[in-house]
There are 2 protein chains.
Amino acid sequence: MPNRRPRPERAYEPKEIDGLDRRILAELQVDARLSLAELGRRVNLSAPAVADRIQRLEETGVITGYHAAVDPSTVGFPVTVLVRINPAVRELPRIAKLAEETPEIVECYRITGDDCLYFIAHLRAVEHLEPILDRFAPYGRTTTSLVHAATVPRRPLPLGAPDRPDRPDRPEAE
Amino acid sequence: MPNRRPRPERAYEPKEIDGLDRRILAELQVDARLSLAELGRRVNLSAPAVADRIQRLEETGVITGYHAAVDPSTVGFPVTVLVRINPAVRELPRIAKLAEETPEIVECYRITGDDCLYFIAHLRAVEHLEPILDRFAPYGRTTTSLVHAATVPRRPLPLGAPDRPDRPDRPEAE
DNA sequence: AGTGAAAAACTTCCACT
DNA sequence: AGTGGAAGTTTTTCACT
């Protein structure tokens with residue numbers, strides 16, 4: 001037998017995710033507030049079994065959280081911008097820190113290409129854009145786009161239709 | 001009295017969102033699975049009162065859903081791309097439709113600027129990028145970036161700290 | 001708009017398979 | 001890994017403020 005060291009620590013165990021897990025994930029991506037009982041009914045499993053699986057999915061880093069989606073325009077942030085940044089040499093860490101410290105910025109990613117960073121920010125008014133851009137200006141060149149309508153609103157990963165049973169159905173109680 | 005027609009239909013009523021609502025929203029953005037009972041404890045309100053407010057927030061379009069966040073890399077989508085598109089004249093609707101029909105695309109927005117559309121897609125392999133780009137090629141010029149680490153992972157809107165009481169606390173039971 | 005109390009539903013724990 | 005049953009919570013409804 002080959003000398004197998006214990007598996008290196010990693011964020012999530014490489015345990016197989018089966019069709020049942022995928023169906024549970026598909027359901028929870030659409031409605032995170034589904035009860036374990038209801039989930040169990042949908043995937044044909046008892047509530048404790050669903051609870052077990054969900055716990056495992058959480059512990060292995062597959063599910064990273066449960067979040068209410070709030071429409072920014074309804075809570076005073078009618079303006080959304082996407083800003084790309086072409087950083088001056090060696091200034092990327094400073095830019096990342098600035099982004100982190102700016103509460104209006106709700107996500108920020110490193111990307112490949114000339115502009116190697118971009119963020120999304122929600123603003124109370126277009127006028128609030130300038131001061132934000134000004135803070136970044138010393139460290140890079142910014143390109144700003146106003147975000148209009150969502151052509152495809154955020155939607156779940158294509159995990160396969162949540163309707164293919166992995167085991168035969170149990171007989172229905174009527 | 002001026003002739004007031006019934007209020008035009010809109011996605012959400014312009015009812016005031018007070019500090020209590022903001023605190024509830026702040027909590028639910030962080031953990032959508034909090035129980036009404038626990039929320040009530042945190043904002044110092046009874047469970048039925050919290051349920052009422054949440055229902056109103058849902059009905060008025062402030063809360064648009066509750067979603068489990070799934071780490072794409074743990075479910076077989078290790079590659080994330082951001083694609084900007086500069087559409088050929090009059091082809092934007094076709095591009096939007098293509099985006100809608102491509103399950104790997106999890107969001108797509110219209111933006112200002114030369115490239116007036118962008119989308120985010122999660123892929124099972126870089127090789128899957130080409131066929132997708134090829135579908136868009138006839139209708140516009142695409143610019144693709146690979147998305148690396150999240151500098152700022154998606155986080156809640158800055159709705160104000162969820163710890164400022166709007167009413168005096170009730171006496172604690174001990 | 002919010003409360004407390006009762007009924008229904010849900011989550012959790014556990015012994016068993 | 002999953003089940004069914006018991007115990008503890010939570011959600012929901014409702015009369016009252």
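Because the structure is a prediction, the values reported are computed rather than measured. In what follows, every chain begins at residue 1, and chains take the letters A, B, ... in the order their sequences are listed.
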Specify the closest pair of heavy atoms between B:V152 and A:I105, including all atoms of both residues, with the distance to one decimal.
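Looking at all heavy atoms of both residues, the shortest contact is CG1-O, 4.4 Å.
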
Can you sort out the partners of B:E130 under side-chain hydrogen bond (donor to acceptor under 3.5 Å, both in side chains), two or more places apart, ordered by chain and number?
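Counting only residues at least two positions away or on another chain, B:E130 forms no side-chain hydrogen bond (donor to acceptor under 3.5 Å, both in side chains).
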
Think B:R53 has a side-chain N or O under 4.0 angstrom from the OP1 or OP2 of C:dG2?
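Yes, within the criterion.
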
Strictly by ring-ring contact (aromatic ring centres under 6.0 Å, His included), give each pair with a member in residues 96-125 of chain A just once, sequence neighbours left out.
A:Y109-A:Y118, A:F119-A:F136

For residues 39-79 of chain A, the ring-ring contact (aromatic ring centres under 6.0 Å, His included) pairs (sequence neighbours left out) are none

Under-3.5 Å N/O pairs linking protein and nucleotides 8-12 of chain C:
from   : atom 1 : to    : atom 2 : distance (Å)
C:dC10 : OP2    : A:R41 : NH2    : 3.0
C:dT11 : OP1    : A:L36 : N      : 2.9
C:dT11 : OP2    : A:L36 : N      : 2.9
C:dT11 : OP2    : A:A37 : N      : 2.9

Checking [X] now: which residues fulfil salt bridge (charged side-chain N to carboxylate O under 4.0 Å, His left out) with it, not counting sequence neighbours?
X: B:R135; value: none
X: A:R33; value: none
X: B:R41; value: B:E38
X: B:R124; value: none

What is the distance, to the nearest angstrom, from the [atom1] atom on [X] to the [atom2] atom on [N]?
X: B:I17; N: C:dA1; atom1: CD1; atom2: P; answer: 13 Å
X: B:N44; N: C:dG2; atom1: CG; atom2: P; answer: 12 Å
X: B:D52; N: C:dT3; atom1: CG; atom2: C1'; answer: 11 Å
X: A:I24; N: D:dA1; atom1: CD1; atom2: P; answer: 13 Å
X: B:L45; N: C:dA1; atom1: CG; atom2: P; answer: 12 Å
X: B:Q55; N: D:dT12; atom1: CD; atom2: C1'; answer: 11 Å

For the helix from C:dA1-D:dT17 to C:dT17-D:dA1, what angle separates the axis at the start from the axis at the finish, each from five pairs, in steps of 10°?
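Comparing the axis at each end, I get an angle of 30°.
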
